[in-house]
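Quick notes on the structure that follows.
Lettering of chains follows the sequences in order, A, B, ..., and the numbering in each one begins at 1.
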There are 2 protein chains.
Amino acid sequence: MTARASSKTSESSDKVSVICRALRRAIIEQALEPGAKLPEDALGERFGVSRTIARHALGQLAAEGLVELRRNRIAVVATPSWKEARDAFDIRIELERLVVRRLAGKLTKAQIAELNAHVDAEDRARGGTDAVSIRLATEFHILLAHMTNSPILVRYVSEVAYRCCLTLSLYSRPHSTECAINEHRAIISALAKGDEAKVMDLMHHHLDSVANRALVAPTPQRGRDLLDILAPYADEVTSDRVVKLPKVARRG
Amino acid sequence: MTARASSKTSESSDKVSVICRALRRAIIEQALEPGAKLPEDALGERFGVSRTIARHALGQLAAEGLVELRRNRIAVVATPSWKEARDAFDIRIELERLVVRRLAGKLTKAQIAELNAHVDAEDRARGGTDAVSIRLATEFHILLAHMTNSPILVRYVSEVAYRCCLTLSLYSRPHSTECAINEHRAIISALAKGDEAKVMDLMHHHLDSVANRALVAPTPQRGRDLLDILAPYADEVTSDRVVKLPKVARRG
DNA sequence: AGCGCTCCAATTGCATGCAGTTTGAGGTCC
DNA sequence: GGACCTCAAACTGCATGCAATTGGAGCGCT
């Protein structure tokens, strides 16, 4: 039971997939912050593979939107603009409404137990770091998606949820995870009862409130370095070659 | 105006992207049928690049679900199961409802003209092959997604629409494109009027009817070869090493 | 004929090497 | 001091080479 679902489309067990998983996790746990550089050499060396493999992994992550790739430039962890973040949440809401619609009243006892166990884990993690809480909360939703038994749905929900995870780390204030946990419990309960309308409503408002609580404003005045802070703005600029600020200490 | 949107996450203009686009188009136009083999060498030679590049392109397409990759085996054009096809359509319905909700009443005159022009093109193509009709119909939806100005939405709608395109070629009877075209016109009209509820309803029923008209039944008794016919069933088998039929003429 | 075995051509998995591009450090001139 | 130029190190883009795996043709056995 190493992998829950080994869809044939991706994530078998070749080196590329291994590196993808490792990087993905590092990114969503903020071990790698948005904007962090990901040179192929360094990755290859770190994971004991050649640049070819590292490069391929970066390509996959770029397709998922977690990494930004620009020709002849070092890959960096994606820095979604506020607008993109909002978009991702909107899409996520629709997808997850579909998930719970499919699940309402159809969960086995074992599945309900699994969900409850996960929320318990979230509860226990409340004392830990924000990053872990966010990751667990995200994984709750992915767990739900898995239960639909639809690989496609799993893929899209995972992807968009990871994206949201990433943006939360960018724009969120240190939020209270408590209500999210309660909302998770409410969702499980409504799913078990089979109240489709209610569970869809719960999920909608749950995600909407997470988004609204988190995506406070398009003013990322956090302690990050200038380049990171400016990056979302540079996003809007159509020109490929943006502002070109005067000499400033760059990261690294 | 070579590329409508050059999102930084993908599809710049490196060789990999070029090959991706070419293959994607070949697949959705059924020049490459589901199950068709895609050896790296052959692709590389055909496109004048090395295997490295072809391989990378295949990886991207696999991430999009258009190609199936199995370790140490030749890549093949994906052959989605009937269940996967249905799933893809369900997801697509949700995503596209989001698209039209965002677009209702917000289209410029120029955009409306562009949409109408596209449907006119669909109309003119009615005499042509099914593949072209299906592609144009698909592209109408992608065009809509582009108008939301949301790269993420564009990406997901495109991806899932291509997947649907692929499944249509697998499971659809030679369908009448006429009503689809009329429905497209109705959607444009409702979008222009800004009647959000109506346009969402139209889109929902449009896609649902396309799905129902097309995905006739999980009995793909078409003239394809045995391996293709069996593939969707093999999908359900959990074991990696499936049935192993007696000697039979394989494709190629 | 039908079944299994062996072996080789075809193909993938991956590392490495080379050429071209970008970056940014240091020097020069104003 | 600050803007500008130059250049080498760093890095990417891509092709090629080699080892490992697959599959299927041929062959022998029943």
Side-chain angles (χ1 to χ4, degrees), chain A residues 8 10-20 35-62 67-77 225-227 231 234 239-252, chain B residues 8-20 35-62 67-77 225-227 231 234 240-252:
Chain A
K8 73 201 149 196
S10 64
E11 305 300 280
S12 345
S13 68
D14 46 326
K15 302 195 181 183
V16 174
S17 307
V18 171
I19 296 180
C20 272
K37 292 180 183 175
L38 302 169
E40 297 173 358
D41 294 333
L43 293 179
E45 192 177 3
R46 186 69 190 78
F47 289 105
V49 298
S50 75
R51 277 202 314 122
T52 308
I53 305 306
R55 179 186 184 73
H56 202 89
L58 287 173
Q60 298 294 315
L61 292 172
V67 160
E68 285 171 18
L69 242 36
R70 299 236 294 267
R71 190 176 172 85
N72 284 322
R73 288 208 180 73
I74 300 181
V76 296
V77 176
D225 81 32
L226 186 57
L227 239 25
S239 159
D240 196 30
R241 196 128 181 98
V242 285
V243 281
K244 193 71 176 181
L245 3 135
K247 196 186 290 191
V248 142
R250 284 180 113 87
R251 170 191 305 273
Chain B
K8 72 199 150 197
T9 70
S10 64
E11 306 299 280
S12 345
S13 68
D14 46 325
K15 301 195 181 183
V16 174
S17 307
V18 172
I19 296 180
C20 272
K37 292 179 181 175
L38 302 169
E40 297 173 358
D41 297 336
L43 293 179
E45 192 178 0
R46 186 70 189 77
F47 289 105
V49 298
S50 75
R51 279 199 314 119
T52 308
I53 305 306
R55 179 185 184 72
H56 202 90
L58 286 174
Q60 297 294 315
L61 292 173
V67 160
E68 286 172 17
L69 242 36
R70 301 237 292 266
R71 192 177 170 85
N72 284 320
R73 288 205 180 75
I74 300 180
V76 296
V77 176
D225 81 32
L226 187 56
L227 238 26
D240 196 29
R241 194 126 181 101
V242 286
V243 281
K244 191 73 177 180
L245 0 137
K247 196 185 288 186
V248 142
R250 285 179 112 89
R251 170 190 303 272

Tabulated below should be each protein N or O lying under 3.5 Å from an N or O of nucleotides 17-21 of chain D; please produce it.
from	atom 1	to	atom 2	distance (Å)
dG17(D)	O6	Arg51(B)	NH2	3.1
dT21(D)	O3'	Asn72(B)	ND2	3.4

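- Distance Asp14(A) CG to dT22(D) P: 14 Å, rounded to the nearest Å.
- As a whole-Å value, the separation of Leu38(A) CG from dC11(D) P is 12 Å.
- Taking atom CZ of Arg71(A) as the reference point, atom P of dC11(D) lies 18 Å away to the nearest angstrom.
- The shortest non-hydrogen separation linking Val67(B) to Ala75(B) is CG1-CB, 4.0 Å.
- Partner of Leu58(B) under the side chain to side chain contact (heavy atoms under 4.5 Å, CB included) criterion, out of Ile19(B), Val16(B), Leu38(B): Leu38(B) alone.
- For Pro39(A), the listed nucleotide lying nearest its side chain is dC11(D); candidates were dC14(D), dC11(D), dT12(C).
- Whole-Å rounding puts the His56(A) NE2 to dT12(D) P distance at 16 Å.
- Distance NZ/Lys15(A) to NE2/His56(A): 14.0 Å, rounded to 0.5 Å.
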Return all side-chain donor-acceptor pairs below 3.5 angstrom for residues 43-52 of chain B, not counting sequence neighbours, or 'none' if the list is empty.
from	atom 1	to	atom 2	distance (Å)
Ser50(B)	OG	Thr52(B)	N	3.3
Arg51(B)	NH1	Glu40(B)	OE1	2.7

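- Not one side-chain nitrogen or oxygen of Arg73(B) sits closer than 4.0 Å to the OP1 or OP2 atom of dT12(C).
- In this structure, the separation between CZ on Arg73(B) and CD on Glu68(B) is 12.0 Å, given to the nearest 0.5 Å.
- Look at CG on Leu58(B): it is 14 Å from C1' on dG13(C), rounded to the nearest Å.
- Protein atom CD1 of Ile53(B) is 11 Å distant from nucleotide atom C1' of dT12(D), rounded to whole Å.
- Protein atom CZ of Arg70(A) is 18 Å distant from nucleotide atom P of dT21(C), rounded to whole Å.
- Lys37(A) approaches Val76(A) most closely through the heavy-atom pair CA-CG1, 4.1 Å.
- Between the CD atom of Glu40(B) and the P atom of dC14(D) there is a distance of 16 Å, rounded to whole Å.
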